[in-house]
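Numbers restart at 1 for each chain; the letters A, B, ... are given by sequence-line order, proteins then strands.
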Amino acid sequence: MKIGVFVCHCGSNIEATVDTATVAKIALTYPDVVFSEDTMYTCSEPGQENIVQAIKKHGLDGVVVASCSPRMHEPTFRRTVERAGLNRYMFEMANIREHVSWIGRDREANTNKAAELVRLAVEKLRRNAPLYAKQFDVTKRVLVIGGGVAGIQAALDAAESGIGVVMVERESTIGGKMAKLDKTFPTIDCSSCVLAPKMVDVAQNPNITLYAHSEVESISGFVGNFTVKIRKRATYVDWDKCTGCGTCTEKCPTKNVPDAFNEDISTCRAINIPFPQAIPKKATINPDYCRKIKEGKCGVCAKVCPTGAIVYDMVDEIVEEKVGAIIAATGYDLVDWTVYKEYGGGTYPDVITSLQYERMMSASGPTAGHIHRPSDGMEPKNIVFIQCVGSRDCSIGRPYCSGFCCMYTAKQAIMTKDHLPDAEAFVFYMDIRAPGKMYDEFTRRAQEEYGVQYIRGRVSAIQPTVRPDGRVGYIVRGADTLLGESVEVDADMVVLAVGVEGSKGAGNLAEKLRISYDHYGFFMESHVKLRPVETNTAGVYLAGVCQGPKDIPASVAQGSAAAAKVMALFSKPKLENDPQVSVVDIKRCVACGKCIQVCPYQAIEEVEIRGQKKAHVIETVCQGCGVCTATCPQGAIQVAHFTDNQLLAEVNALCLS
Amino acid sequence: MSVLAGKELRIVGFLCNWCSYGGADTAGTARAVQPTDLRIIRVPCSGRVNPLFVLKALINGADGVLVSGCHPRDCHYSAGNYYARRRLELLKEFLPVIGINPDRFEYTWVSASEGQRWKDVVTNFTNRIHALGPAPRWEDVPARYDRPEELIESIRPLGCGEHPALPELRQAVKDALAEGLEGVLGWKKGFDAVHAEPVFMTTPEEVDSLIWGPFNVHNLAVYLPQYKGRKIGVVVKGCDSKGVVELLAENLISREDVKIFGMGCNGTVSLPRILAKLPEGVKIESCTGRGNKITVTAGGQDYEMTMAEVAQDKCRLCTKPNAVLSDVFVGTPTTEPAAPADGRLPGLRFLDSLSLEERMGYWKGQMERCIACHACRGACPMCVCRDYCVSDTRDPAWVTQEDTVQQKLFFQLIHAQHLAGRCTGCTECERACPMDIPVFALKQQFGRMIQKIFSYGAGLDVNATPPLLTYQVEEPTIKEHDLA
Amino acid sequence: MKYAYYPGCSGHGTSVEYEASTRAVCRALNMDLVEIEDWNCCGSTPAHSVSHELSAALSARNLMQASKTGADCVISPCPSCSSNLKMARYRMQKPAFKARVDELLDAPTPANAEGGADLMETCSVLQAIVENVGLENIASRVSYPLEGIKVVTYYGCLLSRPVQVAKFDDPENPVSLDNIMKALGAEVLPFALKTECCGAAMGIPDVNIPGSLSGRILDTAKAVGAEAVITACPLCHMNLDLRQRQAARISGKPFFGLPVFYYTQMIALAFGLPKDAMRLDKLAVNPYPLLDKIAERRKVRVSAELEAMKAAGAAS
Amino acid sequence: MNITRLDKARDLKFKRQVEEESGQNLSTCYQCGKCTAGCPGAQVYDRQVSQIMHAVQLGLKEEALKNRSLWLCLSCSTCSARCPNNIDVAAVMETLRMMARREGWVQDRPIESFWKAFLDTVHATGRSYELGVMADYMGRTLRGWGNLEIAPMALRKNKMPFIPSVIHGRKEVARIFKRYAEKRS
């Protein structure tokens with residue numbers, strides 16, 4: 001074998017603390033190394049060209065680049081060697097920047113270490129084999145999980161390009177959180193005016209199949225060929241017959257059902273259509289409250305329904321769909337703010353969440369846009385907004401910033417002034433986070449134009465009291481840290497800007513999707529900066545807040561981005577797998593099944609070869625973790641590119657003196 | 001390859017590509033200054049790290065080995081680190097038996113974003129290794145040739161002589177052959193009265209040669225995998241039956257193919273212990289047993305000995321004298337004693353009494369005597385790789401053919417590691433050793449640690465899942481090893 | 001169950017009624033109190049404000065004395081004393097701290113396996129009643145329910161704080177007293193100032209501090225409609241009861257006239273224990289009008305019940 | 001008003017010392033002010049608790065230690081219970097008070113005197129004795145007259161016994177104080 005070694009200066013990033021020329025010289029003494037040199041910027045155009053030329057000139061059949069982390073530039077250099085006609089896997093990297101030059105100060109020790117890391121790479125490369133990807137067919141349909149604005153955008157973009165879309169929405173209507181909002185920042189335009197047309201587009205687009213009031217039951221398969229089971233939860237209404245006329249909801253005698261769409265600040269009927277612009281605009285019975293379903297009495301809705309759509313004995317239905325890619329757009333839920341006992345823990349009627357306040361201000365909400373406080377219907381005069389409730393708070397395990405609360409609080413304060421010009425709005429904040437186009441100007445407007453009073457400091461407690469007139473007041477005890485004093489406001493109503501976390505059940509879905517998720521229920525992207533839409537499971541993409549807090553424009557952008565990723569994936573006639581997968585040596589395999597037992601992906605199956613049972617790797621499912629290789633006593637199953645012999649060669653290079 | 005003399009020690013790291021390798025990158029990007037000793041080997045997942053890699057490094061002179069993967073629940077491959085946690089925890093507990101300080105090996109979890117944590121891990125681990133100093137070299141450790149001589153007391157009465165139910169057993173075997181079994185594995189008298197030998201009985205005449213008694217030492221389960229797919233029977237002692245159960249549990253033989261014949265066992269003999277009581281080279285003429293006494297007639301003279309003097313060590317502590325699984329059980333079962341307070345056989349007891357460095361010297365002495373005949377492997381019913389043992393191949397090439405203590409010990413470590421969670425404690429490896437090397441101690445060390453961590457014993461339940469082939473998300477018995 | 005009992009200094013002074021009612025209630029609930037022999041002052045706030053070691057040493061002596069009683073646990077009615085004793089044990093888990101405290105003592109404290117001090121645990125009497133005796137037990141002993149009088153419960157700072165040391169109830173919205181009062185038949189009003197500080201011992205150097213803080217607590221209690229305040233702390237009681245007039249004056253309010261009871265007094269009352277088990281005479285704010293109200297309501301209730309029984313008898 | 005030259009004035013050793021003695025990581029404080037907001041002493045403080053925390057963060061020793069607030073702190077731990085960063089703020093305040101005392105920077109003589117009077121009583125008798133503490137305190141400081149307002153009631157209710165209770169082990173307690181005094185000097 002002929003190996004070429006290229007030791008990168010990375011400007012002064014490496015050269016400052018590693019003697020790269022010496023490393024290159026030492027590398028020449030390693031077995032099979034026939035060419036070695038140090039170069040200024042290996043990843044630059046001339047640097048790569050240099051490698052290509054050296055391969056041709058010296059007839060190299062393997063290349064080692066000693067530079068930065070392979071997590072950074074391995075793909076780059078693989079393409080380089082491929083350009084020169086080598087198999088892309090005949091390449092290894094030695095990480096002498098992040099793991100050497102940037103962390104050690106002793107030039108001698110660093111140089112020695114760099115040379116050893118090159119040695120490791122050479123020893124591994126000597127045992128590398130060319131690997132070739134396998135091709136397979138793709139089902140050109142995409143599953144979009146979640147029908148909020150991010151999912152809607154992704155679905156519309158994908159459908160627009162001709163891709164079939166299956167959308168699954170947990171609620172009985174799409175629209176997500178945005179449908180609940182009254183206005184949006186920084187333009188104060190009407191939320192539903194912007195969103196409703198897109199929702200209608202979803203309903204009307206022939207490429208989109210919508211499953212509302214449904215959930216993903218299970219997912220199997222792999223990129224290009226997923227099989228998804230969808231649970232259509234019983235609605236007790238035959239949606240094919242339901243016209244959304246609303247007669248049933250008018251006549252339903254059960255009126256005490258908490259209205260989830262209105263964030264429980266009002267009640268609705270046991271048969272309900274969440275809001276006038278709902279898509280699909282179909283009625284759903286809440287079986288926990290319906291008298292007919294619970295007690296067998298009533299049946300009013302069935303009597304009044306003009307199309308006979310009511311089906312009291314409906315059961316859940318499981319449907320199966322085949323797709324080639326999946327976009328998760330499951331959004332968020334509010335953090336459980338009732339842990340804040342000092343804010344009443346949910347027991348003070350006039351301390352409400354910002355989302356409840358949105359419903360209160362919305363013209364289509366339960367108060368038709370009139371602001372009345374819940375306890376006694378009084379029109380509030382002093383309204384206090386408290387920011388960062390459930391955000392940036394380590395004591396409740398939510399250390400992160402929820403990102404968009406500063407903006408909507410400013411919006412709500414402005415809207416308050418709009419609705420109630422005589423009211424006073426006080427905003428307790430820690431920092432105003434308003435990066436974004438026209439955002440900071442917006443928070444300034446709240447203060448300059450609308451006279452919203454901003455006070456810098458967290459609120460310590462809300463203490464209800466009874467005023468001389470018998471009305472309940474809420475003493476909000478805060479601090480003005482700029483003044484260096486504790487301050488109080490006697491508020492009529494308090495609006496909490498409650499932080500967000502991954503939506504309920506996100507962890508469960510992540511397990512089904514085999515993607516990672518963090519402590520807060522947010523799905524993990526493949527790379528924070530460079531692969532923010534991809535996940536570590538091929539063919540699964542993320543859009544919207546399910547990946548991390550973001551506002552509407554960012555959610556829409558990520559929805560489009562996810563759709564674009566799917567389009568790129570489907571643009572090829574066939575897909576290729578990553579060939580770094582496990583391979584069974586059938587003569588060594590005794591079919592003990594240990595690999596099958598430990599494989600996290602069910603990627604290994606038992607097959608019969610010439611009458612004998614053997615393990616077999618489904619290459620397109622295998623992700624190359626190598627747990628099987630570490631398990632097989634015979635060494636009969638080897639994960640390509642990280643075989644026992646390759647790792648042993650590295651261990652021996654380090655430990656055998 | 002040389003370590004910077006006097007400055008650095010040899011520390012090898014196995015890092016998961018997705019988390020810890022990224023964490024090390026993050027630390028580097030943040031210019032977090034760290035000790036320079038560590039050399040990182042990138043692996044796809046901590047679950048890829050075969051504990052043998054760690055042993056290889058330590059045996060071959062590494063001063064410290066660190067494995068780091070994704071935090072539990074955060075595995076890039078969803079579950080690899082859970083397997084790693086079990087294997088590596090067990091490995092850490094195993095190390096002292098071969099004289100390696102377990103502090104020289106550590107495993108931990110660092111995510112790609114935890115640059116600071118990585119820096120702390122590297123710094124603390126490197127400092128720890130420096131505090132321990134360079135690992136003792138095999139070349140420098142004085143070899144010891146002393147060995148366990150202790151005769152442990154039996155927890156139950158041992159006996160010999162004709163088993164009263166033997167005719168019944170023979171009849172049962174004959175019946176089974178008549179019903180269509182291809183053959184039944186058992187023992188018959190060997191070249192002299194004290195040596196038995198395995199027999200594959202296919203005819204009633206052969207069945208008449210079947211014996212049962214203290215000379216039936218062989219664990220016949222060893223032959224079962226080669227008959228896979230054929231309908232045969234096997235006669236088992238309690239200890240042998242555990243091997244059958246484990247083979248069944250591991251899907252290496254099928255239940256419907258094998259018929260198990262059991263009888264109560266009263267202990268078997270250690271032939272070296274009998275021979276030691278006779279003049280060297282004398283011809284054994286006959287042997288009779290009664291109660292707990294054996295009388296060997298050799299060179300015209302009678303030698304009397306008790307089972308307490310000549311029984312195998314395992315029989316003295318045996319709690320399963322009857323087959324744990326059988327289709328035909330003949331005669332009255334032997335009374336099962338309660339588990340002894342100390343289940344260690346003399347090999348492990350002796351090792352436990354030594355210091356770490358003495359243990360190294362002990363294995364050095366033992367391995368110098370090893371002739372690498374691999375009889376231990378051949379006798380092991382759980383060594384099912386047969387012709388494809390990883391120690392005999394070039395790919396993978398775990399051991400070389402070099403005749404060194406390290407290579408020979410590494411073979412033993414492969415054997416022990418492959419048996420972790422599977423070894424049923426039949427001690428056939430040790431019985432088969434022509435050099436009388438107490439190799440079972442390595443397996444017993446794994447066995448007791450598996451008992452300690454996972455409360456699991458192999459060969460008792462056909463439906464059990466061996467602890468290394470499964471995991472729990474929360475491992476109540478494994479403490480987090482936090483280096484940061 | 002046997003307890004090593006630590007009365008605390010105020011039991012001999014400002015809170016004799018608390019001491020008397022605590023002992024009486026514990027006896028009624030079959031709690032066996034063995035007073036720690038020759039106990040000394042825990043040093044209160046002054047000691048731990050001056051030195052953690054001094055404070056811990058004073059407590060450690062008590063805890064070592066307590067071990068002679070043969071009980072498993074020390075209990076004290078005073079939250080401040082309980083907190084000090086708990087804190088001493090908590091801090092002395094650290095071997096280094098233990099060593100520094102041991103230097104102040106005649107004999108070193110016994111050590112546990114980790115090298116920390118092996119001292120007896122402490123809890124407040126309230127905690128022992130709630131956790132060991134249980135609310136059902138209390139409810140079952142009630143002979144004279146409190147007839148729905150409206151009370152607010154006031155816990156003060158130290159019963160549930162600092163969280164890691166107190167390990168009792170909720171630091172923001174504790175409910176142990178509420179539950180006891182409900183079990184006794186009182187109506188417990190929601191009260192946001194349950195754990196708001198009353199000013200503690202700051203009254204000695206500066207009466208304005210507890211004056212304004214207690215004034216606010218009493219004012220809010222009055223505003224939400226409370227007929228009485230229930231407390232578990234001698235110091236809080238002093239600030240709310242003995243200083244009630246002062247508090248009204250300092251916070252510029254008319255005198256509140258809110259009786260302030262120890263919860264043990266209320267238990268004694270509801271259990272029908274004798275007068276000297278309550279020592280209501282020791283309260284500064286006159287409690288009798290309220291007690292008369294209870295008696296009045298009881299009369300009305302009982303006669304209504306009698307009437308109902310008669311009616312039922314006639315009907316059948 | 002003096003301009004603080006931060007590059008010179010910062011004493012990070014001081015910050016580390018506070019962190020070590022209090023066992024708290026002050027770097028996690030992001031100055032939200034929730035401690036100040038809930039502090040019952042805030043109205044009488046000359047420097048708010050969040051400002052004191054910030055002074056420690058900056059390493060400004062005098063600003064952190066020379067203030068009355070440290071003495072006015074009621075040790076109610078409301079700040080600790082509500083701190084979003086899990087800092088035991090009350091423990092930091094207590095630590096600072098002890099450090100200030102070591103530096104001889106006692107900023108509130110009356111309160112310090114009250115503590116002293118209290119501890120002297122315990123020193124002498126083994127227990128505290130309200131009347132004795134009061135008399136001692138008032139004698140030392142010629143203050144505390146405000147308490148006379150409640151004295152008649154307290155005396156009428158017989159809540160302040162005239163005879164202190166003295167324990168057998170008072171010498172043992174006295175030895176604790178003695179050793180403590182020796183160790184400090």
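A 4.5 Å side-chain heavy-atom check between C/K194 and A/K341 finds every atom pair outside the cut-off.
Considering CZ of A/R477 and CG of C/L193, their distance stands at 7.0 Å, rounded to 0.5 Å.
Other residues, nucleotides and ligands contribute at most 12 non-hydrogen atoms within 6.0 Å of the CZ atom of C/R245. For A/H372, the NE2 atom sits in a packed shell: over 12 heavy atoms of surrounding residues, nucleotides or ligands are nearer than 6.0 Å. Around atom NZ of C/K253, no more than 12 heavy atoms belonging to other residues, nucleotides or ligands sit under 6.0 Å away. With a 6.0 Å radius and a threshold of 12 heavy atoms from other residues, nucleotides or ligands, C/E136 has its CD atom at or below the threshold. Around CD of C/E121, the count of heavy atoms belonging to other residues, nucleotides or ligands within 6.0 Å does not exceed 12.
Contact of A/Y340 with chain C is not made at all, since no heavy-atom distance falls under 4.5 Å. For A/I475, the part lying near chain C is the side chain, with the backbone staying farther off; criterion is any non-hydrogen pair under 4.5 Å. For C/D219, no part lies near chain A; criterion is any non-hydrogen pair under 4.5 Å.
Across all non-hydrogen atoms, the minimal contact from A/I462 to C/A192 is O-CB, 4.2 Å. Of all heavy-atom pairs between A/P464 and C/T220, the closest is O-CG2, 4.1 Å.
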